Amino acid sequence: MRAQLRAFVHVVTETPAGRVIAELIGQAQTDPDLSAALLERYSGPRRALAVEAIGQARSRGELRAGIDPEVLVDQLWGACYHRLLMPNLPLTRAFADSLVDNLVRGIRA
């Protein structure tokens, strides 16, 4: 989880892709075709990878059996997207680490 979240933070804060992603998300709020394309080609596949990784960790006994991988993805990546789109606080590697640390204390088996 930590590596995936750090990689995401790197892409959206240290490459030109971050601005593009933020602008696409903004435009997708009023453009149904763009929203569908963004879900199909960007956010859907990435979310599926994260959900799968969390599900595998749960299967290995690294996470509590009852956790919902979809909700966990929302907790981690949702907080990062919030900081990307509402930039009153910085989106940093330290923030990503804090998110993971705070969650792991409550979900570790």
Side-chain angles (χ1 to χ4, degrees):
M1 286 187 298
R2 186 180 306 273
Q4 280 187 306
L5 202 59
R6 282 178 173 177
F8 172 75
V9 169
H10 170 78
V11 167
V12 299
T13 62
E14 298 181 32
T15 73
R19 182 178 175 112
V20 172
I21 291 166
E23 289 176 3
L24 286 171
I25 291 169
Q27 185 62 35
Q29 302 311 299
T30 58
D31 182 334
D33 292 333
L34 178 59
S35 180
L38 192 61
L39 176 62
E40 178 185 336
R41 296 188 185 114
Y42 173 74
S43 62
R46 282 159 183 77
R47 181 181 184 90
L49 288 173
V51 167
E52 180 182 343
I54 291 167
Q56 289 172 352
R58 184 181 57 188
S59 295
R60 291 188 303 265
E62 296 170 2
L63 301 175
R64 244 185 330 105
I67 65 140
D68 182 339
E70 296 280 351
V71 172
L72 191 53
V73 167
D74 288 340
Q75 288 175 298
L76 293 169
W77 277 266
C80 291
Y81 276 113
H82 177 78
R83 286 207 176 179
L84 175 67
L85 299 172
M86 305 293 289
N88 58 321
L89 292 173
L91 176 54
T92 63
R93 181 180 173 142
F95 175 69
D97 286 344
S98 291
L99 288 171
V100 174
D101 291 343
N102 287 343
L103 282 172
V104 168
R105 289 185 187 115
I107 62 171
R108 187 176 289 154

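If you're wondering where the values come from, they're calculated on a predicted model, not measured in any experiment.
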Any donor-acceptor pair under 3.5 Å from [X] side chain to [Y] backbone:
{"X": "Arg58", "Y": "Arg64", "answer": "no"}
{"X": "Ser59", "Y": "Gly55", "answer": "yes"}
{"X": "Arg83", "Y": "Pro90", "answer": "yes"}

Closest non-hydrogen atom pair between Glu70 and Asp68, with its separation: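 Heavy atoms only, the tightest pair is N-OD1, 2.9 Å.
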
Closest approach of Leu84 to Gly18 (non-hydrogen atoms, all atoms of both residues):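 Distance-wise, the nearest heavy atoms are CD1-O, 4.2 Å.
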
Distance under 6.0 Å and angle within 45° of ring axis: Arg46 vs Phe8: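 Ring-cation test returns no.
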
Sidechain N-carboxylate O distance under 4.0 Å for Glu23, Arg19: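 Answer for the salt bridge query: yes.
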
Salt-bridge criterion met for Asp74 and Arg47 (N-O under 4.0 Å):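 Salt bridge: yes.
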
side-chain contact (heavy atoms from CB on, under 4.5 Å) between Val12 and Cys80, worked out: CA-CA 9 Å; Val12 299; Cys80 291; over 6 Å; no

Quick one: do [X] and [Y] end up in the same hydrophobic cluster if we chain Ile, Leu, Val, Met, Phe, Trp and Tyr together by side-chain heavy atoms under 4.5 Å apart?
{"X": "Val71", "Y": "Tyr81", "value": "no"}
{"X": "Met1", "Y": "Leu49", "value": "no"}
{"X": "Leu24", "Y": "Leu39", "value": "no"}

Residues Trp77, Leu5; criterion side-chain contact (heavy atoms from CB on, under 4.5 Å); working and verdict: CA-CA 7 Å; Trp77 277 266; Leu5 202 59; 3.5 Å; yes

Separation between [atom1] of [X] and [atom2] of [Y], rounded to the nearest 0.5 Å:
{"X": "Thr15", "Y": "His10", "atom1": "OG1", "atom2": "NE2", "value": "6.5 Å"}
{"X": "Gln4", "Y": "Ile54", "atom1": "CD", "atom2": "CD1", "value": "7.0 Å"}
{"X": "Leu91", "Y": "Met86", "atom1": "CG", "atom2": "CE", "value": "14.0 Å"}
{"X": "Gln56", "Y": "Arg60", "atom1": "CD", "atom2": "CZ", "value": "6.0 Å"}

Heavy-atom check, side chain of Leu72 versus side chain of Leu103, under 4.5 Å: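 Side-chain contact under 4.5 Å: yes.
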
Residue pair Ser43, Ile25: steps toward the side-chain contact (heavy atoms from CB on, under 4.5 Å) verdict: CA-CA 10 Å; Ser43 62; Ile25 291 169; over 6 Å; no

side-chain contact (heavy atoms from CB on, under 4.5 Å) between Leu89 and His82, intermediate numbers included: CA-CA 9 Å; Leu89 292 173; His82 177 78; over 6 Å; no

